[in-house]
Amino acid sequence: MKEPKITLQLALQHGLLEEEYYRIFEILGREPNYTELGIYSVMWSEHCSYKNSIALLKTLPREGERLLVQAGEENAGLVDIGDGLAVAFKIESHNHPSAVEPYQGAATGVGGILRDIFTMGARPIAALDSLRFGELDNQRTKFLFDGVVRGIGDYGNCFGVPTVAGEIYFEDSYQDNCLVNAMAVGIVKSDRIARAIAKGKGNPVFIVGSSTGRDGIHGATFASEELSEESESRRSNVQVGDPFAEKLLLEATLEVIKEDLIVGIQDMGAAGIICSTSEMSARGKSGMKINLDLVPLREDGMSAYEILLSESQERMLVVCKKGNEEKLKQIFNKWDLNCVQIGEIIDEDKLYFYQHDELKAVVPASSLVLGGGAPVYYRESRKPEYIDEINKFDVGNLPEQADLNSVLLKILSSPNIANKSWVYQQYDYTVGTNTVITPGCDTAVIRIKKTNKALALKTDCNGRYVYLNPKLGAMIAVAESARNVACSGALPIAITNCLNFGNPYKPEIYWQFKEAIEGIGEACRVIETPVTGGNVSFYNESPTKAVYPTPVIGMLGLIDDINHVTRSYFQNEGDLIYLLGTTKQEIGGSEFLKVIHNKIAGSPPYIDLNFEKKLQHALLNLIKNGLIVSAHDLSDGGLAAAVAESCVMNPEKTFGAKISFIPSFRMDYFLFSESQSRILISISEYNKNMVESELKKKEIPFEKIGVVQGEALEINDKIRLSIKEISDVYFNSITKLMS
């Protein structure tokens with residue numbers, strides 16, 4: 001292939017800025033060739049370099065006594081849970097690929113995050129997802145929704161990991177640019193952790209797994225620009241996954257780590273070979289000599305440019321300990337996978353790539369990576385004009401709703417509130433036999449075999465709140481995800497995050513991002529959940545609009561005694577129902593305001609982080625003392641939705657409830673207010689005095705509001721609905737919309 005002439009225009013077409021183009025000249029001391037230009041274009045893309053976000057990300061709390069690696073040091077976060085075990089977990093986006101090819105985009109998103117987990121030496125035990133689409137009455141939304149769900153389900157089911165939890169929102173802002181965030185969690189013995197590092201002069205470098213093709217070339221660059229009408233023509237930037245090959249790769253990888261044959265290993269995800277060679281070398285302060293003729297290819301005539309930038313799936317780069325080459329090959333050959341030595345480690349900060357006996361590219365490894373020579377920017381920041389205007393909205397001017405039966409049914413049928421069984425019934429969420437709490441509750445719970453411990457897992461973010469107030473909305477995302485795991489009996493211990501925003505070069509978008517980072521940092525410091533890593537996904541916008549700023553939080557909670565696992569739903573006739581926390585007239589950004597009044601306006605609910613922490617610890621204390629039967633977080637839809645869900649979520653039996661209280665403001669707002677730091681609990685009447693005494697001692701506001709009884713939900717004299725009516729709208733609304 002005749003390489004094109006290197007020009008500024010060609011660099012701009014590759015997604016580089018003019019200043020970055022000339023910086024490459026300075027680094028190399030000469031003009032880059034075509035392959036080198038491609039290398040810098042992908043490695044300096046936002047997706048790989050985090051050039052517009054890293055400066056702010058470094059302000060997040062990234063250290064804690066349980067953390068075994070600092071955020072960004074390895075493929076995934078690593079948290080010590082005792083008993084010689086650690087949890088590897090991470091969340092990443094696959095938004096743009098899913099918007100143009102939903103099935104493969106979502107499937108390869110799952111595959112990529114699973115590889116990040118098992119390259120740490122951890123066996124994946126759970127997968128989660130956080131999804132955003134346009135309104136569900138739109139045919140394209142249905143196409144994307146269906147494709148994404150099938151892609152997630154098919155990959156996870158074939159690979160053999162349970163997809164146990166997640167969240168799905170439908171908002172107009174995601175109409176052109178859906179969000180597909182995949183999270184994976186694994187368990188590793190603390191003395192078997194593998195690192196993504198390359199060092200030791202003369203150590204051999206292997207490529208293992210599947211063969212390399214032209215799929216996914218410039219996928220990282222594709223993820224670093226806005227979607228446009230031309231995006232549909234770039235389906236070749238979307239990779240194709242093979243979950244069966246990945247399962248083989250998992251077993252082979254864990255075996256070579258167990259046998260102590262390797263120095264380091266890294267997934268070939270975004271930017272493929274060039275990413276793994278440069279990042280591993282930079283971590284080990286070394287370099288590599290690579291012969292691209294040795295890379296197993298599945299297509300003829302591939303150039304060095306194409307081989308280096310290909311994002312073909314199910315591949316790893318492995319640095320073997322010298323002398324163990326044959327043992328390494330034997331293991332991968334046993335699993336019927338490629339295992340080919342393509343180079344060796346050198347003691348200089350250079351990557352040399354050869355093909356057909358020619359030196360095709362030579363670049364300093366450190367110049368390509370985060371924390372090295374990759375550019376770092378602070379962008380212009382400006383508060384959007386809409387913020388002040390939309391927050392002026394006066395909820396007092398809305399007419400009070402008289403027919404609250406109808407209102408509650410409409411809210412429960414909203415795709416944002418309604419049960420997502422249409423989705424999770426397509427997932428095998430019990431494979432591995434570790435799933436204690438299945439999808440549909442506040443959080444998933446996974447037992448850790450051979451221990452008495454369990455993990456509580458949750459993804460959470462209300463993008464509407466973040467749109468209305470980025471800092472406050474991001475704080476709520478952290479607090480609510482922590483509250484969810486606390487309701488299952490788990491202590492929140494760490495987070496990963498996936499930060500989905502529009503174009504950072506637009507000052508209003510960068511302001512949203514900056515504010516959200518401040519909110520996440522503030523909440524994590526108070527709740528004591530350090531950030532273990534994650535992903536930034538910018539450019540989530542189309543020619544007409546940007547998505548709501550959506551900083552998704554992946555929360556990890558630890559349950560020391562599996563006997564303390566707590567469900568979200570009522571379980572016994574006659575149990576007493578209590579509301580913990582204080583309800584305020586906070587309707588801004590609520591599901592009630594959107595569904596009933598078709599408005600997205602006002603200020604999100606206020607949150608007191610110190611009280612939030614106190615509430616969670618008080619709840620956990622009650623749970624550990626065996627005083628709680630059920631605990632359900634109050635969030636979207638408010639008190640009325642939470643009570644209705646608690647009545648019908650129990651997979652074995654539904655319950656009615658009789659609720660009675662004196663509202664401190666108008667009834668419709670009281671029932672559907674989304675005030676934060678509130679939890680609905682049910683307890684045995686026998687424990688009434690002990691529970692109330694403990695809550696008073698901890699200074700937690702509470703009110704006994706009802707009893708579990710009958711076959712209807714009654715709230716004062718304003719709502720009376722049969723459990724059958726509630727179940728029908730709650731469980732069948734999404735299915736009906738998708739039929």
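Between the side chains of Y169 and T550, not a single donor N or O lies within less than 3.5 Å of an accepting N or O. One side chain, S630 or S682, offers a donor N or O that lies under 3.5 Å from an acceptor on the other.
Of all the heavy atoms in I527 and K613, the pair that sits closest is CA-CD, 4.5 Å. The heavy-atom pair separating K90 from I117 by the smallest distance is N-CD1, 4.0 Å. The nearest pair of heavy atoms linking K420 to I168 is CE-O, 3.7 Å. Across A127 and V161, no two heavy atoms sit closer than the pair N-CG2, 4.0 Å. The shortest heavy-atom contact between I623 and A486 is CD1-O, 3.6 Å. Residues I700 and A618 share a closest heavy-atom pair of CG1-CB, 3.8 Å.
Here the side chain of E612 pairs no donor or acceptor atom with the backbone of I607 at under 3.5 angstrom. Using modelled atom types, no side-chain atom of S673 and backbone atom of F670 make a donor-acceptor pair closer than 3.5 Å. Between the side chain of D561 and the main chain of N563, a donor-acceptor pair closer than 3.5 Å is present. Judged purely by atom type and a 3.5 angstrom limit, T566 uses its side chain to pair as donor or acceptor with the backbone of H564. Within the 3.5 Å criterion, the main-chain N or O of Q426 finds no donor-acceptor partner in the side chain of R150. Side chain of D442 to main chain of D633: a donor-acceptor pair is present (N/O by atom type, distance under 3.5 Å, no hydrogens or angles). The backbone N or O of N484 lies less than 3.5 Å from no partner atom in the side chain of T443, so there is not a single donor-acceptor pair. Between the side chain of S727 and the backbone N or O of I723, at least one donor-acceptor pair lies under 3.5 Å. Within the 3.5 Å criterion, the main-chain N or O of T141 finds a donor-acceptor partner in the side chain of N138. The backbone N or O of Y730 lies less than 3.5 Å from no partner atom in the side chain of S733, so there is not a single donor-acceptor pair.
Residues satisfying the salt bridge (charged side-chain N to carboxylate O under 4.0 Å, His left out) test with E699, not counting sequence neighbours, are K614. Not counting sequence neighbours, T529 has no partner by the side-chain hydrogen bond (donor to acceptor under 3.5 Å, both in side chains) test. With sequence neighbours excluded, no residue satisfies salt bridge (charged side-chain N to carboxylate O under 4.0 Å, His left out) with D636. Every residue two or more places apart in sequence or in another chain was checked for a side-chain hydrogen bond (donor to acceptor under 3.5 Å, both in side chains) with K450, and none qualifies. Applying the salt bridge (charged side-chain N to carboxylate O under 4.0 Å, His left out) criterion to E694, with sequence neighbours excluded, gives K697. Applying the salt bridge (charged side-chain N to carboxylate O under 4.0 Å, His left out) test to E692 and every residue at least two apart in sequence or in another chain returns K688.
Rounding to the nearest 0.5 Å gives a distance of 12.5 Å between CG of L128 and CE of M555. The CG atom of L721 sits 10.5 Å away from the SG atom of C647 when rounded to the nearest 0.5 Å. We find the OG1-CZ distance between T582 and F611 to be 6.0 Å, quoted to the nearest 0.5 Å. Separating the CG atom in L622 from the CD1 atom in I628 is a distance of 4.5 Å, to the nearest 0.5 Å. Considering CD1 of I493 and CG of L558, their distance stands at 5.0 Å, rounded to 0.5 Å. Annotation: the span from I446 atom CD1 to I187 atom CD1 amounts to 10.0 Å, rounded to 0.5 Å.
When each of F145, Y427, F731 is checked for a ring pair (Phe, Tyr, Trp, His ring centres under 6.0 Å) with W422, only F145 meets the rule. Applying the side chain to side chain donor-acceptor pair (under 3.5 Å) test between Y424 and each of D129, T163, N419 identifies N419 as the sole match.
We find that K458 and E480 are not joined by a salt bridge, their nearest charged nitrogen and carboxylate oxygen being 4.0 Å or further apart. Taking 4.0 Å as the cut-off between side-chain N and carboxylate O, D146 and K142 do not count as a salt-bridged pair.
Sorted by first and then second residue, the side chain to side chain donor-acceptor pair (under 3.5 Å) pairs involving residues 151-160 (not counting sequence neighbours) are Y103-D154, Y155-E246, Y155-E314. For residues 579-603, every residue pair satisfying the salt bridge (charged side-chain N to carboxylate O under 4.0 Å, His left out) rule, not counting sequence neighbours, is listed here: E135-K594, E171-K594, R464-E591. Contacts classified as ring-ring contact (aromatic ring centres under 6.0 Å, His included) and involving residues 455-484 (residues at least two apart or in different chains) are given here: Y386-Y467, Y467-Y548. Evaluation of the side chain to side chain donor-acceptor pair (under 3.5 Å) test over residues 705-719, restricted to residues two or more places apart or in two chains, returns none. Listed by first and then second residue, the ring-ring contact (aromatic ring centres under 6.0 Å, His included) pairs involving residues 471-490 amount to none (not counting sequence neighbours). The salt bridge (charged side-chain N to carboxylate O under 4.0 Å, His left out) analysis of residues 663-672, with sequence neighbours excluded, yields the pairs R666-D668.
Put simply, the side chain of Y669 does not reach to within 4.5 Å of the side chain of E400, judged on heavy atoms. I719 is listed as a side-chain neighbour of L671, based on a closest heavy-atom distance under 4.5 Å.
The aromatic rings of F672 and F592 sit parallel to each other, their planes meeting at less than 30°, with 60° as the upper class boundary.
Within a 6.0 Å sphere centred on CG of D394, heavy atoms belonging to other residues, nucleotides or ligands number more than 12.
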